[in-house]
Peer 1: 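One structure is given below, represented as structure tokens, and several questions about it will come after.
The shown structure was predicted, so the numbers you read here are calculated from the model rather than taken from an experiment. In what follows, every heavy atom counts, from backbone to side chain, and hydrogens, waters and symmetry copies are set aside. Residue numbering restarts at 1 for every chain, and letters A, B, ... go by the order of the sequence lines.
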2 protein chains.
Amino acid sequence: MDERQALIAFGALSQETRLRLLRLLVMAGPAGIAAGSLAEQVAVSPSNVSFHLKELERAGLVSTRRDARSIVYSAEYDALSGLIRFLMEDCCSGRPEICAPALAAPCCQPGEGARQ
Amino acid sequence: MDERQALIAFGALSQETRLRLLRLLVMAGPAGIAAGSLAEQVAVSPSNVSFHLKELERAGLVSTRRDARSIVYSAEYDALSGLIRFLMEDCCSGRPEICAPALAAPCCQPGEGARQ
DNA sequence: TCGATATTTCAAGGATTATTGAAACATGGA
DNA sequence: TCCATGTTTCAATAATCCTTGAAATATCGA
């Protein structure tokens, strides 16, 4: 994840509808979710969801595939981890002792469940 | 870090000048850097730097103190770690096996140095 | 108090981003 | 082929964000 891509990704995450879309896709896993279903779940018009999904795609955070009439979106886990690493490097750069403790909190444990 | 604050923080990080400012402040540590010095280092006008610093402050990512005529900014490490955790929870929610490996890469090691 | 320094605030303008609804495109089934 | 379905694209408007320079505020030293 280079800086240019990180800037775009941060912008993508700074909008409520997009954050909700990404959460749904992360939880859905590789199976993904069709655009129409996403529009229903976030209660936003199809064209507006399409706009936001394109922004997430530009940020590299989601990818698409066609399945019959539907277009199925799925989260790009590598991009998300890349973004986390980008943030960690900025946070820890030169001062690992300060942010490391906060990261020691339990995370990435199976069964932890999602934030609502 | 709640969702509302995370949205603001992502927005704050999605702008190049602000990301540069934050990096400088992270590297500077608790000593912080005065506004004027920051303006010089990022080569932006004082009033523009002030605008961006206020945005970082609104996001909770920096704090200020007055030192004589200067106003000294410093990074809020807790907010930064909180944002990282927010992202990790979204990323790993329900699917820890997917993003955990990426986070196992070496980070937070003393002497790792900053990204340029 | 006065002037110099350090920074912020404000208003105006330009640039980008978000929302909306209509139209276009692609797919699959009758 | 024709129609229904699922999705995107487009144009227009609204909203938000960024930049700029001038004016205001606060501090310090003479």
Peer 1: Separation of A:Glu57 atom CD from D:dT7 atom P, in whole Å?
Peer 2: 14 Å

Peer 1: CG of A:Leu53 versus P of D:dT8: gap in Å, rounded?
Peer 2: 7 Å

Peer 1: B:Ser70 near the nucleic acid: base, sugar-phosphate alone, or nothing, with a heavy-atom cut-off under 4.0 Å?
Peer 2: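 Answer is sugar-phosphate: B:Ser70 comes under 4.0 Å of backbone atoms only.
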
Peer 1: Examine D:dT7: is either OP1 or OP2 under 4.0 Å from a nitrogen or oxygen in the side chain of A:Lys54? Give yes or no.
Peer 2: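 No, no such contact exists.
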
Peer 1: Let me know the distance between CD of A:Glu16 and C1' of C:dA18, rounded to the nearest Å.
Peer 2: 13 Å

Peer 1: Got a donor-acceptor contact below 3.5 angstrom from the A:Ser14 side chain to the A:Gly11 backbone?
Peer 2: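 Side chain of A:Ser14 to backbone of A:Gly11, a donor-acceptor pair under 3.5 Å: yes, one is there.
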
Peer 1: In whole Å, I'd like the distance from the CD1 atom of A:Ile71 to the C1' atom of C:dA24.
Peer 2: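 That distance rounds to 14 Å.
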
Peer 1: State whether B:His52 places a side-chain N or O below 4.0 Å from either non-bridging phosphate oxygen (OP1 or OP2) of D:dC17.
Peer 2: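 For B:His52, the contact criterion (side-chain N or O under 4.0 Å from OP1 or OP2 of D:dC17) is not met.
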
Peer 1: Salt bridge or not for B:Glu55 and B:Arg58, using N-O below 4.0 Å?
Peer 2: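 So B:Glu55 pairs with B:Arg58 through a salt bridge.
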
Peer 1: Taking CZ from A:Phe51 and C1' from C:dT20, how many angstroms apart are they, rounded to a whole number?
Peer 2: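 It is 12 Å, rounded to the nearest whole Å.
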
Peer 1: Can you measure A:Asn48 atom CG to D:dA11 atom C1' for me and round it to whole angstrom units?
Peer 2: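 It works out to 15 Å between those atoms.
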
Peer 1: side-chain contact (heavy atoms from CB on, under 4.5 Å) with B:Val72: which of B:Ile33, B:Leu25, B:Leu38, B:Asp67?
Peer 2: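 Among B:Ile33, B:Leu25, B:Leu38, B:Asp67, the one that satisfies the side-chain contact (heavy atoms from CB on, under 4.5 Å) with B:Val72 is B:Asp67.
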
Peer 1: With a 4.0 Å cut-off on heavy atoms, is A:Ala34 in touch with a base, just the backbone sugar-phosphate, or nothing at all?
Peer 2: sugar-phosphate

Peer 1: Could A:Glu3 and B:Arg23 be called an ion pair, given the rule that one side-chain N must be under 4.0 Å from one carboxylate O?
Peer 2: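 Salt bridge between A:Glu3 and B:Arg23, a charged N being under 4.0 Å from a carboxylate O: yes.
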
Peer 1: Can you pull every protein N or O that's under 3.5 Å from an N or O on nucleotides 22-30 of chain D?
Peer 2:
none

Peer 1: Of B:Leu56, B:Leu21, B:Val26, which is the lone residue that meets side-chain contact (heavy atoms from CB on, under 4.5 Å) with B:Val62?
Peer 2: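 Looking at B:Leu56, B:Leu21, B:Val26, the match for B:Val62 under the side-chain contact (heavy atoms from CB on, under 4.5 Å) is B:Leu56.
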
Peer 1: Okay, side chain of A:Arg18, backbone of A:Leu13: is any donor-acceptor separation there less than 3.5 Å?
Peer 2: no

Peer 1: Taking only N and O in the side chain of A:Ser45, is any of them less than 4.0 Å away from OP1 or OP2 of C:dT19?
Peer 2: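 Indeed not, no polar side-chain atom of A:Ser45 lies that close.
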
Peer 1: Give the rounded distance in Å between these two atoms: CG of A:Leu56 and P of C:dT17.
Peer 2: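 In whole Å, C:dT17 P lies 14 Å from A:Leu56 CG.
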
Peer 1: Does A:Ser14 or B:Pro46 map to a spot on DNA chain C nearer the 5' end, using the closest nucleotide for each?
Peer 2: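 The residue whose closest nucleotide sits nearer the 5' end is B:Pro46.
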
Peer 1: Is B:Tyr73 close enough to C:dA6 that one of its side-chain N or O atoms is under 4.0 Å from OP1 or OP2 there?
Peer 2: no

Peer 1: Under the 3.5 angstrom rule, does the side chain of B:Glu16 hit a backbone N or O of A:Leu7 as a donor-acceptor pair?
Peer 2: no

Peer 1: Check the distance between C:dT17's P and B:Leu7's CG and give it to me in whole angstrom.
Peer 2: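 Rounding to the nearest Å, CG of B:Leu7 and P of C:dT17 are 17 Å apart.
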
Peer 1: Is A:Gln15 near enough to C:dT19 that one of its side-chain N or O atoms lies under 4.0 angstrom from OP1 or OP2?
Peer 2: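 Checking A:Gln15 against C:dT19: at least one side-chain N or O falls below 4.0 Å of OP1 or OP2.
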
